Amino acid sequence: MKTVIVGGVAGGASAAARLRRLDEQAEIVMLERGPYISFANCGLPYYIGGEITKRSALTLQTPESFRSRFNVDVRVNQEAVAVDTQAKTVTVRRVDTGEEYTESYDKLLLSPGAAPLVPPMEGADDPRVFTLRNIPDTVKIRDYVDEEFPETAVVVGGGYIGVEMAENLKKAGLDVTIVELADHVIAPLDGDMAAEVHRYLRDQGIHLLLGKAVQAIDGTGDKLNLRLSEGEVETDMVILSVGVRPDTALAKQAGLALNPKGAIIVNEHMETSAPDVYAVGDAIEITDFVTGNKGYVPLAGPANKQGRIAADNICGIPSSYKNTQGSSVLKIFDMTVAMTGVNERTAQAAGLHYDKVYTYSQSHASYYPGGHGISIKTIYEKETGRILGAQLVGYDGVDKRCDVLATAIRAGLNATDLTELELCYAPPFGSAKDPVNFVGYVIENTLTGKVKNFFWDDVAKLPRDGSVTLLDVRTPSEREAGHIEGFIHIPLDELRQRYTEIDPQKPVYIHCHSGLRSYLACRMLTGLGYDCYNLSGGWRFYELAANDRQTPEHGCYDPK
């Protein structure tokens with residue numbers, strides 16, 4: 001059997017390796033239009049910033065090493081330009097000479113990946129405007145920084161790559177601005193969870209221009225001038241990172257079924273609409289694991305799994321892809337941001353009957369030095385407590401908590417299941433009551449009526465006419481650092497002695513710093529006959545989210 005694979009990297013290379021492991025006699029041809037078949041595309045920004053010092057470290061496999069280890073006929077700089085699904089042939093063009101030839105196949109696997117979106121704007125073709133997709137792009141940016149000594153850079157787009165590029169250009173010594181059309185960076189985060197990221201980026205010296213579109217780039221002078229939907233910004237170089245699109249021109253030519261956004265439609269076996277043609281990776285449409293809706297999630301983890309599953313099916317082994325839940329993690333200087341499953345916007349759009357909680361727990365035992373808090377927003381099904389999604393922002397220990405929650409979503413676990421998880425504990429690594437357990441406890445308490453929550457964006461709508469009691473139970477020193485207008489102050493440790501100061505006929509809305517002490521206050525007052533509500537996430541989260549929204553120009557801030 002002869003299999004032709006178009007494209008390498010995560011999907012194509014993993015499929016080729018799996019095919020060889022399953023069938024030593026198979027003929028495997030891999031076509032790659034560029035010079036690299038397997039490279040660390042997720043690591044590209046870190047070469048620009050100097051975190052990765054050797055260019056060779058980005059190359060995971062060379063054509064020679066792949067051919068030697070897996071006996072794959074690797075043909076770099078050879079582009080598949082046409083497919084005849086009836087004749088089962090691929091037309092290939094040699095990039096250096098333009099010569100074309102025809103390659104037959106028994107099975108065809110498409111792994112063309114995604115291409116950077118380049119907005120149709122004036123000036124986007126200026127040589128000082130860059131995109132980042134592959135190693136040549138990376139070298140081009142690094143050489144420009146090393147040889148032309150730019151002082152400033154604008155990153156257009158605040159997604160994963162955009163934020164990583166901002167960090168690494170900053171580390172390379174540039175003054176960096178992110179321009180983002182949305183009101184927050186990192187689209188899979190909800191806006192309220194992005195507030196902490198915004199503050200941290202600004203603290204690191206990254207300027208944020210949020211809620212603004214780049215309309216044109218003027219490169220006639222020594223500097224590039226970006227005309228925005230509001231205002232202008234001047235810079236020495238631009239990184240366009242406004243997203244990617246499935247690179248499916250070949251699939252379209254072949255007559256394969258595509259969705260409205262151009263992604264290849266496949267079934268659970270990675271089969272396309274044409275017989276014996278498979279597709280994987282960033283070029284395909286996926287099904288969301290939580291909602292069951294169709295979508296597009298270009299991530300390396302799913303691409304690797306899809307390559308393996310396609311190879312199984314090519315070799316006659318029944319294998320199915322069980323959908324994508326979008327688990328991802330991002331390093332921003334010392335901060336870690338991770339997410340899995342649905343966010344609140346997705347849950348609303350899908351019509352899910354959901355609720356949410358905000359928690360703030362230490363990454364390890366508070367008495368052991370070096371711990372940091374982890375902010376977690378968890379989305380769960382109201383009726384069952386089943387975990388639907390989570391977003392985490394913090395420093396150490398964020399990734400492993402998100403991995404546990406991703407596993408919980410995949411396994412269909414609910415809040416009670418989280419409370420019962422026996423996770424590793426030692427003071428340097430965690431707490432006896434792990435942040436994941438804590439999420440379970442908070443949701444379980446909500447579902448069983450032990451606490452009623454209100455949220456940061458409810459605070460401004462609470463009446464200040466005396467019809468309800470607004471109560472702050474933090475310490476005096478905490479309150480001196482800032483407080484919410486209209487909330488009276490009774491520290492938690494004085495509440496049993498002073499609860500008679502609170503009218504038992506009125507609902508009581510309580511907050512502390514993180515939501516834990518206010519929960520204790522709620523339980524105390526509920527036991528005394530009061531109707532209590534707890535601010536989920538506490539003052540800390542309220543202050544971040546509310547002040548982020550109140551920053552001038554919808555979160556735009558330029559410390560210069």
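All values derive from a computational prediction rather than experimental measurement.
- Not a single donor-acceptor pair under 3.5 Å links the side chain of Tyr358 to the backbone N or O of Tyr542.
- Figure legend: Arg410 and Phe289 shown as a cation-pi pair, the cationic atom lying under 6.0 angstrom from the six-membered ring centre and within 45 degrees of its axis.
- Every residue two or more places apart in sequence or in another chain that forms a side chain to side chain contact (heavy atoms under 4.5 Å, CB included) with Ala408 is listed here: Leu413, Leu418.
- A cation-pi arrangement is found for Lys433 relative to Tyr441, the charged atom lying closer than 6.0 Å to the ring centre and inside a 45° cone about the ring normal.
- For Ser518 and Asn534, the side-chain atoms include at least one donor-acceptor pair closer than 3.5 Å.
- A salt bridge does not link Glu478 to Arg540: none of the charged side-chain nitrogens sits closer than 4.0 Å to a carboxylate oxygen.
- Pairs passing the ring-ring contact (aromatic ring centres under 6.0 Å, His included) check and including a residue from residues 469-499, sequence neighbours excluded, read Phe487-His511.
- Looking at heavy atoms from C-beta onward, Val468 lies out of side-chain contact with Val508 at the 4.5 angstrom threshold.
- Counting only distance, with no hydrogens or angles, the side chain of Gln204 and the backbone of Leu201 share no donor-acceptor pair below 3.5 Å.
- Inspection of the Thr359 and Ser361 side chains reveals no N or O donor paired with an N or O acceptor under 3.5 Å.
- The 12-atom threshold is exceeded at CZ of Arg345, counting heavy atoms of other residues, nucleotides or ligands nearer than 6.0 Å.
- Between Glu167 and Lys331, at least one side-chain nitrogen of the basic residue sits less than 4.0 Å from a carboxylate oxygen of the acidic one, meeting the salt-bridge criterion.
- Without hydrogens or angle criteria, His184 side chain to Leu189 main chain gives a donor-acceptor distance under 3.5 Å.
- Contact annotation: the side chain of Ile484 approaches that of Val459 to within less than 4.5 Å [non-hydrogen atoms, C-beta and beyond].
- Residue pairs meeting the side chain to side chain donor-acceptor pair (under 3.5 Å) criterion with at least one partner in residues 392-402, sequence neighbours excluded, are Ser363-Asp396, His372-Asp396, Arg401-Asp434.
- For Tyr368, the OH atom sits in a loose shell: 12 or fewer heavy atoms of surrounding residues, nucleotides or ligands are nearer than 6.0 Å.
- Counting heavy atoms from C-beta on, the side chains of Pro507 and Asp531 come closer than 4.5 Å.
- Of the possible polar contacts, none joining the Glu285 side chain to the Ile264 backbone as a donor-acceptor pair under 3.5 Å is found.
- Counting only N and O atoms by type, the side chains of Thr469 and Lys506 include no donor and acceptor under 3.5 Å apart.
- Residues Asn445 and Tyr519 meet the side-chain proximity criterion, which asks for heavy atoms closer than 4.5 Å.
- No donor-acceptor pair under 3.5 Å is formed between the side chain of Glu381 and the backbone N or O of Tyr354.
- By the salt bridge (Lys or Arg N to Asp or Glu O under 4.0 Å) test, Asp288 pairs with no residue at all, sequence neighbours left out.
- Taking the ring axis of Phe455 as reference, the NZ or CZ atom of Lys356 stays within 45° of it and closer than 6.0 Å to the ring centre.
- Side-chain N or O atoms of Asn343 include none that pairs as donor or acceptor with a backbone N or O of Asp190 at under 3.5 Å.
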Could you go through the salt bridge (charged side-chain N to carboxylate O under 4.0 Å, His left out) check for Lys377 and Asp192 one step at a time?
CA-CA 9 Å; Lys377 179 178 182 178; Asp192 50 13; 3.2 Å; yes
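- Thr152 places a side-chain N or O within 3.5 Å of a backbone atom of Asp236 that can act as its donor or acceptor partner.
- A donor-acceptor contact shorter than 3.5 Å is absent between the side chain of Arg199 and the backbone of Asp548.
- The number of heavy-atom neighbours closer than 6.0 Å to CD of Gln215, taken from other residues, nucleotides and ligands shown, is above 12.
- Heavy-atom neighbours of Glu485 CD from other residues, nucleotides or ligands within 6.0 Å: at or below the threshold of 12.
- In this structure, the ring of Phe454 has its center less than 6.0 angstrom from the ring center of Tyr509.
- For Glu232, the salt bridge (Lys or Arg N to Asp or Glu O under 4.0 Å) test picks out no residue, with sequence neighbours left out.
- Looking at Arg464, its side chain does come within 3.5 Å of a backbone N or O of Leu462 through a donor-acceptor pair.
- Arg245 contributes no side-chain N or O that, together with a main-chain N or O of Ala283, makes up a donor-acceptor pair within less than 3.5 Å.
- Side-chain atoms of Thr446 and Asn453 form a donor-acceptor pair, as typed in the model, at a separation below 3.5 Å.
- Between Arg498 and Glu501 a salt bridge is recorded (basic side-chain N to carboxylate O distance below 4.0 Å).
- Applying the side chain to side chain donor-acceptor pair (under 3.5 Å) test to residues at least two apart or on different chains, the pairs with a partner in residues 417-432 are Tyr367-Tyr425.
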